[in-house]
Amino acid sequence: MKKVLLIVSLFPFFFAGQAAVAGDAAAGQTKAASCAACHGMDGNSAAPNFPKLAGQAESYTVKQLQDFKAGNLTDPTMNAMALALSETDMADIAAYYAGQTGSTGTAASDQAELGDLIYRAGNASSGVAACAACHGPTGSGNPQAGFPKVSGQHAQYTEAQLNNFRKAARANDAGSMMRVVAGKMSDAEIAAVSQYIQGLR
């Protein structure tokens with residue numbers, strides 16, 4: 001019950017952090033050409049260290065780009081790329097990727113059982129909240145609350161981000177929610193849930 005109340009109480013923080021977006025997907029397709037080398041032409045990156053953007057909510061993508069531009073997220077390539085983007089550019093690119101269909105991978109068979117358990121039920125003994133509570137049973141996210149789509153995301157990328165949250169090397173999560181959750185996860189749990197998410201559809 002406490003976990004449910006915590007999640008509900010944080011909804012306003014996530015919602016407040018989302019920018020109003022009304023992007024032009026057609027214009028975004030042209031503008032996203034410079035993103036294709038890392039993220040793929042349709043937002044389905046081939047390299048496992050670059051995130052898939054296809055099907056991601058516009059508001060979430062815009063917020064990440066804003067955070068890269070402001071320096072709240074740190075990556076040398078993305079900081080430089082975002083610096084050149086206007087708010088309109090961000091909205092257009094986000095609208096284009098939101099309209100694309102995300103691809104799905106396969107979870108490692110030896111990680112699937114633990115990954116499923118953590119994603120759907122969490123770990124009551126260590127206080128790890130279930131991922132599904134925010135990201136949904138199919139990983140489609142909750143754009144209104146600011147929770148991103150995670151289904152099909154590369155395991156390597158997800159694992160890296162969870163570790164960054166755990167170390168507070170990434171700190172652009174409203175209310176510190178992801179830092180709190182990841183901070184209670186073991187290496188095995190992070191690896192397993194990352195694999196499970198990769199195959200989630």
Side-chain angles (χ1 to χ4, degrees), residues 14 17-108 131 135-136 138-144 146-165 169-173 178 190-191 193-201:
F14 279 86
Q18 301 304 296
V21 179
D24 180 337
Q29 182 174 11
T30 300
K31 294 175 181 180
S34 59
C35 312
C38 295
H39 299 288
M41 289 298 295
D42 62 350
N44 286 299
S45 64
N49 57 312
F50 297 130
K52 296 180 183 181
L53 306 177
Q56 189 60 266
E58 294 177 50
S59 56
Y60 184 79
T61 300
V62 167
K63 182 182 184 303
Q64 303 317 298
L65 289 171
Q66 290 172 336
D67 285 348
F68 276 123
K69 186 170 184 174
N72 297 327
L73 266 176
T74 305
D75 177 87
T77 301
M78 282 306 306
N79 293 137
M81 296 289 285
L83 198 60
L85 299 176
S86 68
E87 291 296 314
T88 299
D89 292 335
M90 293 179 190
D92 291 346
I93 290 169
Y96 169 66
Y97 284 131
Q100 305 307 301
T101 301
S103 62
T104 305
T106 304
C131 309
H135 299 287
T138 62
S140 58
N142 184 335
Q144 289 72 34
F147 303 133
K149 171 185 181 287
V150 295
S151 60
Q153 189 58 263
H154 292 301
Q156 182 177 322
Y157 175 78
T158 300
E159 186 170 354
Q161 296 314 302
L162 286 172
N163 278 310
N164 286 339
F165 279 125
R170 177 173 177 176
N172 73 326
D173 52 327
M178 283 306 305
I190 286 177
V193 83
S194 298
Q195 282 291 329
Y196 180 75
I197 283 171
Q198 181 169 266
L200 188 60
R201 40 174 73 78

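Not measured: the values here are computed from a predicted model. Residue indices begin at 1 and follow the sequence shown.
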Compare every heavy atom of [Y] with every heavy atom of [X], then report the nearest pair and how far apart it is.
X	Y	value
Q153	T158	CG-OG1, 3.4 Å
V62	A94	CG2-CB, 3.6 Å
I190	N163	CD1-OD1, 3.8 Å
Y96	A25	CB-O, 3.6 Å
F50	Y157	C-CD1, 4.5 Å
H39	P51	ND1-O, 3.0 Å

From [X] [atom1] over to [Y] [atom2], what is the distance, rounded to the nearest 0.5 angstrom?
X	Y	atom1	atom2	answer
F165	N172	CZ	CG	5.5 Å
R201	T106	CZ	OG1	6.5 Å
T104	I197	OG1	CD1	12.5 Å
T30	I93	OG1	CD1	10.5 Å
T74	R170	OG1	CZ	11.0 Å

- Message: Checking N72 against Q66: is there a side-chain donor and acceptor pair closer than 3.5 Å?
- Response: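 Short answer, no.
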- Are N164 and Q161 close enough that some pair of their side-chain heavy atoms sits under 4.5 Å apart?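 Touching, per the 4.5 Å side-chain cut-off.
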- Evaluate the side-chain proximity of L162 to V193: yes if any heavy-atom separation is below 4.5 Å, no if none is.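 V193 vs L162: side chains touch.
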- Is a donor on one side and an acceptor on the other found under 3.5 Å between the side chain of D92 and the backbone of A26?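 It does not hold such a pair.
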- Task: Provide the full list of side chain to side chain donor-acceptor pair (under 3.5 Å) pairs with a residue in residues 42-54, sequence neighbours left out, each pair given once.
- Result: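 Non-adjacent pairs meeting side chain to side chain donor-acceptor pair (under 3.5 Å): D42-N44, N44-S103, S45-H154, K52-S103.
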- Go through the structure and list residues passing salt bridge (Lys or Arg N to Asp or Glu O under 4.0 Å) with D89, not counting sequence neighbours.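 Testing D89 for salt bridge (Lys or Arg N to Asp or Glu O under 4.0 Å), a comparison that skips the adjacent residues, returns K31.
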- Message: My understanding is that only residues two or more places apart in sequence, or in another chain, count here; which of them pass ring-ring contact (aromatic ring centres under 6.0 Å, His included) with Y196?
- Response: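 Partners of Y196 by the ring-ring contact (aromatic ring centres under 6.0 Å, His included) criterion, ordered by chain and then number, come out as Y119.
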- Query: If you look only at pairs with a residue in residues 93-105, which of them pass as a salt bridge (charged side-chain N to carboxylate O under 4.0 Å, His left out), with sequence neighbours excluded?
  - Reply: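 Not a single pair qualifies under salt bridge (charged side-chain N to carboxylate O under 4.0 Å, His left out).
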- Please collect all salt bridge (charged side-chain N to carboxylate O under 4.0 Å, His left out) contacts where either partner lies in residues 70-84, sequence neighbours excluded, each pair once.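 Listed by first then second residue: nothing to list.
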Of all residues at least two apart in sequence or in a different chain, which pass the side chain to side chain contact (heavy atoms under 4.5 Å, CB included) check with [X]?
X	answer
A82	F68, K69
S151	K149, L200
A155	S194, Q195, Q198
M41	A36

- Item | Results of side-chain hydrogen bond (donor to acceptor under 3.5 Å, both in side chains) for Q100 - residues two or more places apart only |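 Testing Q100 for side-chain hydrogen bond (donor to acceptor under 3.5 Å, both in side chains), a comparison that skips the adjacent residues, returns none.
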